Amino acid sequence: MKYMMFVCTDTEPETDESRVPDIEVWVAENDAAGRRLEGNVLAPPSAATTVRVRGGEVLLTDGPFTETKEVIVGFDILECADLDEAIAVAAAHPMAHGGRVELRPYADL
């Protein structure tokens, strides 16, 4: 089952950084196991462009869709047997300690 993993900042990160796993190790382990299909870091929210169409007119806004204290800073596409495996993979990600990680299964359309 495929999951989109959104990697986000958080206003209450782990205070003991000695517990935070190494991102390079996480990536290497999950790439080698075939669980991480793709992933990347995103540019900051200030680089975003929001696109809307209203009344047939394309409206562009500089910056993110919403203003929040938490920001999506990256993503990974995971292939896991089930939600339990996806949770284990997400919990081992460094940003689960310093930020937050959101998992969403692909919709069955």
Side-chain angles (χ1 to χ4, degrees):
M1 183 166 209
K2 285 188 182 171
Y3 291 88
M4 175 65 77
M5 186 175 85
F6 295 103
V7 180
C8 309
T9 61
D10 196 321
T11 57
E12 298 177 12
E14 169 72 64
T15 56
D16 181 0
E17 291 194 20
S18 69
R19 297 182 193 196
V20 179
D22 183 290
I23 186 63
E24 299 299 328
V25 172
W26 184 91
V27 168
E29 287 176 353
N30 287 288
D31 282 356
R35 286 186 296 258
R36 182 177 174 271
L37 304 179
E38 185 176 346
N40 214 327
V41 177
L42 299 175
S46 60
T49 300
T50 300
V51 180
R52 297 177 294 148
V53 177
R54 300 294 184 269
E57 184 179 352
V58 177
L59 305 173
L60 303 176
T61 306
D62 291 338
F65 172 69
T66 60
E67 294 291 330
T68 66
K69 292 182 182 184
E70 295 84 10
V71 176
I72 299 173
V73 295
F75 71 95
D76 292 280
I77 299 172
L78 306 176
E79 179 76 46
C80 297
D82 54 29
L83 180 58
D84 290 336
E85 182 181 12
I87 290 170
V89 170
H93 193 283
M95 284 301 285
H97 298 260
R100 60 179 69 193
V101 177
E102 178 180 327
L103 292 169
R104 289 193 201 178
Y106 275 40
D108 188 17
L109 300 177

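Remember, it's a predicted structure, so these values are computed and weren't measured experimentally. If you read the sequence from its start, that first residue is 1, and numbering goes on from there. Excluded from the calculations below are hydrogen atoms, water molecules and symmetry mates; all remaining heavy atoms, backbone and side chain alike, are included.
- Taking both residues in full, the closest heavy atoms of P94 and P21 are given as CG-O, 3.1 Å, listed atom of the first, atom of the second, then distance.
- The cluster map of Ile, Leu, Val, Met, Phe, Trp and Tyr, joined by side-chain heavy atoms under 4.5 Å apart, puts M1 and M4 in different clusters.
- Around atom CG of D62, no more than 12 heavy atoms belonging to other residues, nucleotides or ligands sit under 6.0 Å away.
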- [ ] Walk me through it: do L59 and V53 pass the test side chain to side chain contact (heavy atoms under 4.5 Å, CB included)?
- [x] CA-CA 6 Å; L59 305 173; V53 177; over 6 Å; no
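- E102 and R104 are joined by a salt bridge, as a carboxylate oxygen and a charged side-chain nitrogen come within less than 4.0 angstrom of each other.
- Pairs engaging residues 32-61 under the ring-ring contact (aromatic ring centres under 6.0 Å, His included) rule: none recorded [sequence neighbours left out].
- Grouping the Ile, Leu, Val, Met, Phe, Trp and Tyr side chains by contacts below 4.5 angstrom, directly or via other members, places I72 with I77.
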Review item, side-chain donor-acceptor pairs of residues 33-48, under 3.5 Å, at least two apart:
residue	atom	partner	partner atom	Å
R35	NE	N30	OD1	2.8
R35	NH2	N30	OD1	3.1
R36	NE	D76	OD1	2.7
R36	NH1	D31	OD1	2.9
R36	NH1	D31	OD2	3.2
R36	NH2	G39	O	3.4

Atom pairs and distances, donor-acceptor, side-chain atoms in residues 83-93, under 3.5 Å, two or more places apart:
residue	atom	partner	partner atom	Å
E85	OE1	A81	N	2.6
H93	ND1	M95	N	2.9

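- The shortest side-chain heavy-atom distance between E70 and T11 falls under the 4.5 Å cut-off.
- Atom CG of D10 and atom NE2 of H97 lie 13.0 Å apart (nearest 0.5 Å).
- Taking all atoms of both residues into account, the shortest heavy-atom contact from W26 to L78 is CH2-CD2, 4.4 Å.
- When hydrophobic clusters are built by joining Ile, Leu, Val, Met, Phe, Trp and Tyr residues whose side-chain heavy atoms come closer than 4.5 Å, directly or via intermediates, I23 is grouped together with M5.
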